[in-house]
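Each chain gets a letter, A, B and so on, in the order its sequence line appears, and its residues count up from 1.
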Amino acid sequence: MTLVTLKIRRYDPELSEDAFWQSFEVPVESGDRLLDALHHVKWYLDGSLTFRRSCAHGVCGSDAMRVNGVNRLACKVLIKDLGDEITVEPLKGLPTMKDLLVDMEPFFDAFRAVKPFLMTSGNAPTRERLQSAEDRARFDDTTKCIMCAACTTACPIFWNDDQYFGPQAIVMAHRFIFDSRDEGAEERLEILNDKEGVWRCRTTFNCTDACPRGIEVTKAIQEVKRALIFHHT
Amino acid sequence: MVQFHTYDTVIVGAGGAGMRAALEAGQRSRTAVLTKLYPTRSHTGAAQGGMCAALANVEEDNWEWHTFDTVKGGDYLVDQDAAEVMCREAIDAVLDLEKMGLPFDRTPEGRIDQRRFGGHTRNHGEAAVRRSCFAADRTGHLILQTLFQQCVKHGIEFYNEFYVLDLLLNGGRTAGVVAYELATGELHVFQAKSVLFATGGFGKVFKVTSNAHTLTGDGMGIVFRRGIPLEDMEFYQFHPTGIWKMGILLTEGARGEGGILRNSDGERFMERYAPTLKDLAPRDLVSRAIYTEIRAGRGCGSARDHVYLDLTHLPPEQLDAKLPDITEFARTYLGIEPYTDPIPIQPTAHYAMGGIPTDIDARVLRNSTEVVPGLFAAGEVACVSVHGANRLGTNSLLDINVFGRRGGLAAAAHANSQVHHVELPDDPAGQVEALLQRLRDGGGQENVAAIRTALQETMDAHASVYRTDATLRQAEADIRALQVRYEKVGVSDRGQRYNTELLEAVELGFLLDLAQVLVVSALARHESRGGHFREDFPTRDDVHFMRHTMAYREGTDVRLDHKPVVQTRYQPSERTY
Ligand SMILES: Cc1cc2nc3c(=O)[nH]c(=O)nc-3n(C[C@H](O)[C@H](O)[C@H](O)COP(=O)(O)OP(=O)(O)OC[C@H]3O[C@@H](n4cnc5c(N)ncnc54)[C@H](O)[C@@H]3O)c2cc1C
Ligand code: SF4
Ligand code: FES
């Protein structure tokens, strides 16, 4: 067992309009996740510390936050990889509601705007639609997204322009645009051709670095741009 | 200030079962979905391995074989009429998901690919059959995503981060629910003609578990406190392959792809316990086999407290293609490279076979025969009972889709058949207000986390894979003592907004209640069947115990009654694999 210091950005508008830093000394075991340390604080040191979490193994997307200045899932980063003093802040670019918990609504609005569902025409077949293994592989990467918002809130364009759809919405659009069964590509491309759409992306790769699912986010955005230029998927 | 809302149908929970129900109910009646988590955070998203249906895309199969496997896997405690419905409708359930856009893995011909899974066999047990439809090892993730996408498409109305804390009944009929809004701390009364609970499981009564922090059995706890029984709660499934100490699940699909369990001698010990299916025997058998090996001193590591899941003989390309997520879990959390090193595993608390008793249309039973008008339940929270004493892998993702759909249809039909809402009882939010008040103003001499940890430790030690009268009595006494301590908890966060500390305290109350029901039910079942193994009664006793347990709340006690098992085609026989 060793001690580490968590330096956490606290904010509770019911108590004060000002955010502040608070440090906690936390005992940790080798193999502990940052989430375990945050739980230690909440459960034994300060019950008011507020953050979201559920699955605790990187699949539900609840606990993205800024850890030592970069976006991480608290449950998917180990303390031993973070040093003895760890700074923890809420995601940037979404309104902070309390401590590490941000308002996710703007993020989900962008997601909904790209029509994130399979669009087909005509009668559905009796059995499954056929899809070759290669066609299935074409969009495999972007099916991994858990909507944690780490990418979107790592994007400097998004920080400065909250109208920008952000990388996650484009990832979602990609997942359908490149699905051979889908017929909504034109409609989605039109939406993303908007001035707040894909063209805002400046290829900084922050999103790709931030993605806890290892999705090549920037590549997906580039592919959507190319589809717009060459009008095919 | 309490806010009031009126809907035809209210669905509580937005996992697979809740959203599948919402898609049906939402297109037929004015529907609201209340969920304590954003829909895509639900634990359905953690499911890895697959969803079984006798599509026969890769080899001969039919739904009757699937039904047989389900009944036998459940150690004959399954209601066979319900299993028939589930296995027959499985085929359309998978095809529906495909049409909604779920990207299943494909065969070379472009059909949905299928793989082997524990307990699923050809022709009544001849050999393992390829029945599980999957999308790599994130089938649940893609079911959850696909259903959410469809809900967005159909404009389903969600109340996100609303915690339902009470069920409102009036004269035995459903009147609505009371919910707590996380963002504001306000209470909301939802009056509805139909209410469907789809709140998932309660794995957090155990310490080593594959379940999320939020799986605290709220739905079961709420209805139980309102006098509705809980069925077969002693049957809790321990999945053989959780990451050692952490409990994170490594799908059975790993063994479906050829993975092997080994003890400290490197022996493939399952050959001794299940000569035909070996590593793909049902979960209860494999979990017991692992603990038998550990008890015999053949466990691995310095404490000899785990065994290995060996994937090293599988080609790295196969691991990358079929098991990318779980191999990444091993790398992230254990620092182990599965290409070259075996993974330390131990059984992990995984799935509640029991729950709120329902019929095949998800209608909740108030006793062994009568339904509660307007009340429905589907998914892990419910007990239909299609899983009996032990659920087969992939049958839960199936259950949530088949009975979620049926429940949504039945809830909407009921709502549409009623001209008026049932009148709300007086002071509808009163119970919840009192509960929250007590937790807020409690002295705080006791700590929620300390009580929860103590509960989980006693449950792991005394009420898990192996049980005896003595261990269960110990657990019962411990739970009693913890319930007394729970009376003295208090929360330090005085705020109204996002008070997650307060909700953790509420959730602990449900966990304590459900642990008690589990243990009391287990104490009374003097036999071993499926996931319930009594060392003092090591065999199945069909003469006395071929019956469902029905547990009712009586004051602070639990009263037990029984319900007959529905048998149609299959007579109980010895369960060997
Ligand atoms: C790691 C893991 C892997 C699995 N793999 C498989 C598999 O391969 N195949 C298979 O068939 N099964 C698998 N299972 C089992 C299966 O995934 C679950 O049983 C199933 O997904 C449960 O779905 P559900 O809709 O009932 O509940 P959940 O998905 O758990 O959803 C519960 C919902 O209820 C809501 N809720 C809870 N309490 C409240 C409240 N008080 N108020 C409002 N809302 C509330 C939550 O917000 C959530 O939306 C797996 C389980 C785990 C844990
Ligand atoms: S693309 Fe990656 S970082 Fe972005 S929301 Fe999806 S999972 Fe999170
Ligand atoms: S808690 Fe689910 S991703 Fe971290």
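- Distance check: A/Ser48 OG to B/Asn499 CG gives 8.5 Å after rounding to the nearest 0.5 Å.
- Ring geometry, A/His39 versus B/His213: the interplanar angle exceeds 60°, so the pair is classed perpendicular (tilted spans 30 to 60°).
- Contacts between A/Ser30 and chain B at a heavy-atom distance below 4.5 Å are absent for every atom of the residue.
- If you measure heavy-atom distances from A/Arg129 to chain B, the contacts under 4.5 Å come from both the backbone and the side chain.
- Neither the backbone nor the side chain of A/Lys115 comes within less than 4.5 Å of any heavy atom in chain B.
- In this structure, chain B has heavy atoms under 4.5 Å from both the backbone and the side chain of A/Arg127.
- Residues of residues 93-102 of chain A that come within less than 4.5 angstrom of chain B, heavy atom to heavy atom, are A/Met97, A/Lys98, A/Leu101 in numerical order.
- With B/Tyr333 as the aromatic partner, A/Arg33 meets the cation-pi criteria of under 6.0 angstrom to the ring centre and within 45 degrees of the ring axis.
- A/Met119 does not touch chain B: none of its heavy atoms, backbone or side chain, sits under 4.5 Å away.
- Going from atom CG of A/Leu49 over to atom OG1 of B/Thr500 covers 8.0 Å, rounded to the nearest 0.5 Å.
- Proximity to chain A (any heavy atom under 4.5 Å) is restricted, for B/Met246, to the side chain, taken from C-beta onward.
- For A/Ala124, the part lying near chain B is the side chain, with the backbone staying farther off; criterion is any non-hydrogen pair under 4.5 Å.
- Heavy atoms of A/Leu15 lying under 4.5 Å from chain B are absent altogether.
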